[in-house]
Amino acid sequence: MGEGIALGPAVYLELVERAREALPNEACGLGAGTNGVIRRLYPLSNTAASPERYTVDPAEQLQAYRSIDNDGLQCLAVYHSHPATPARPSATDLAEAYDPHVAYIIVSLAADAPAVRAFEIQAGKATELPVTVQEA
């Protein structure tokens with residue numbers, strides 16, 4: 001990881017839309033693609049139904065990973081939204097980050113303009129990654 005995360009333009013817009021659709025709760029899901037560019041989102045249900053945290057059903061998550069494989073893509077990111085707080089990892093986000101090989105994307109709706117930021121999280125420490133939007 002470490003080099004940043006690239007999003008296709010439609011994926012960027014979809015991230016923001018999914019965050020808005022989930023209000024007042026957090027949205028969550030996986031981002032997959034090829035050659036380091038996220039080309040598709042795999043939304044997951046926030047079973048916590050909370051504006052302050054997300055949890056996913058393990059069976060639904062496993063199905064999303066299978067879909068990613070079947071689509072010939074790689075899981076590149078885990079995403080979730082922060083409805084009322086900045087786009088930075090919370091203590092819970094840091095503690096529960098389970099895969100050091102993906103980016104953690106946070107979409108904040110706390111301000112008028114949405115903020116999309118990405119982080120590499122390893123051993124409870126977050127390092128911000130540049131987010132770029134690029135065509136295919």
Side-chain angles (χ1 to χ4, degrees):
M1 177 113 328
E3 63 278 349
I5 197 75
L7 307 169
V11 169
Y12 181 89
L13 294 173
E14 185 181 353
L15 273 169
V16 173
E17 185 59 29
R18 294 216 176 265
R20 288 182 174 142
E21 288 173 354
L23 289 172
N25 298 320
E26 289 191 3
C28 58
L30 304 174
T34 57
N35 301 318
V37 179
I38 295 175
R39 304 193 185 284
R40 184 162 177 203
L41 298 181
Y42 294 78
L44 299 172
S45 303
N46 178 354
T47 58
S50 168
E52 297 174 355
R53 70 175 292 120
Y54 71 96
T55 56
V56 297
D57 176 88
E60 184 182 12
Q61 186 176 24
L62 179 60
Q63 182 56 46
Y65 278 113
R66 286 182 175 148
S67 293
I68 290 168
D69 286 343
N70 290 339
D71 293 339
L73 303 174
Q74 291 179 290
C75 183
L76 301 175
V78 173
Y79 73 85
H80 74 283
S81 62
H82 283 183
T85 57
R88 65 175 173 256
S90 67
T92 301
D93 295 336
L94 294 173
E96 295 181 357
Y98 62 90
D99 187 346
H101 305 292
V102 299
Y104 286 85
I105 297 173
I106 302 174
V107 180
S108 173
L109 300 177
D112 288 340
V116 177
R117 294 172 67 195
F119 301 86
E120 178 178 62
I121 302 177
Q122 292 188 13
K125 304 255 189 244
T127 303
E128 188 161 8
L129 301 169
V131 175
T132 57
V133 178
Q134 68 182 47
E135 294 295 331

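Residue indices begin at 1 and follow the sequence shown.
- From Phe119, atom CZ reaches atom CD1 of Ile105 across 10.5 Å, with rounding to the nearest 0.5 Å.
- Between Arg20 and Pro114, the closest heavy-atom pair is NH2-CG, 3.3 Å.
- A distance of 7.5 Å separates OG1 in Thr127 from CD in Gln122, rounded to the nearest 0.5 Å.
- Between Val102 and Tyr104 there is a side-chain heavy-atom pair separated by less than 4.5 Å.
- Considering only heavy atoms from C-beta on, Ser90 stays 4.5 Å or farther from Arg53 through its side chain.
- Of the possible polar contacts, none joining the Thr34 side chain to the Leu73 backbone as a donor-acceptor pair under 3.5 Å is found.
- Using modelled atom types, no side-chain atom of Gln61 and backbone atom of Val56 make a donor-acceptor pair closer than 3.5 Å.
- Using a 4.5 Å heavy-atom cutoff, the side chains of Val78 and Asp99 are not in contact.
- Side-chain contact between Tyr12 and Ile38: absent, with no pair of heavy atoms (C-beta onward) separated by less than 4.5 Å.
- In this structure, the side chains of Val107 and Tyr79 stay at 4.5 Å or more apart for every pair of heavy atoms.
- Counting heavy atoms from C-beta outward, Glu120 and Pro100 have side chains that stay 4.5 Å or more apart.
- Hydrophobic clustering keeps Leu62 apart from Tyr98 (ILVMFWY residues linked when any side-chain heavy atoms are closer than 4.5 Å, directly or through intermediates).
- When atom types are taken as modelled, the side chain of Ser108 and the backbone of Ala115 share no donor-acceptor pair closer than 3.5 angstrom.
- Checked by atom type and distance alone, the side chain of Asn35 never pairs as donor or acceptor with a backbone atom of Val37 at under 3.5 Å.
- The shortest distance between side-chain heavy atoms of Asp93 and His80 falls below 4.5 Å.
- Proximity of Val133 to Val116: side-chain heavy atoms (C-beta onward) are nowhere separated by under 4.5 Å.
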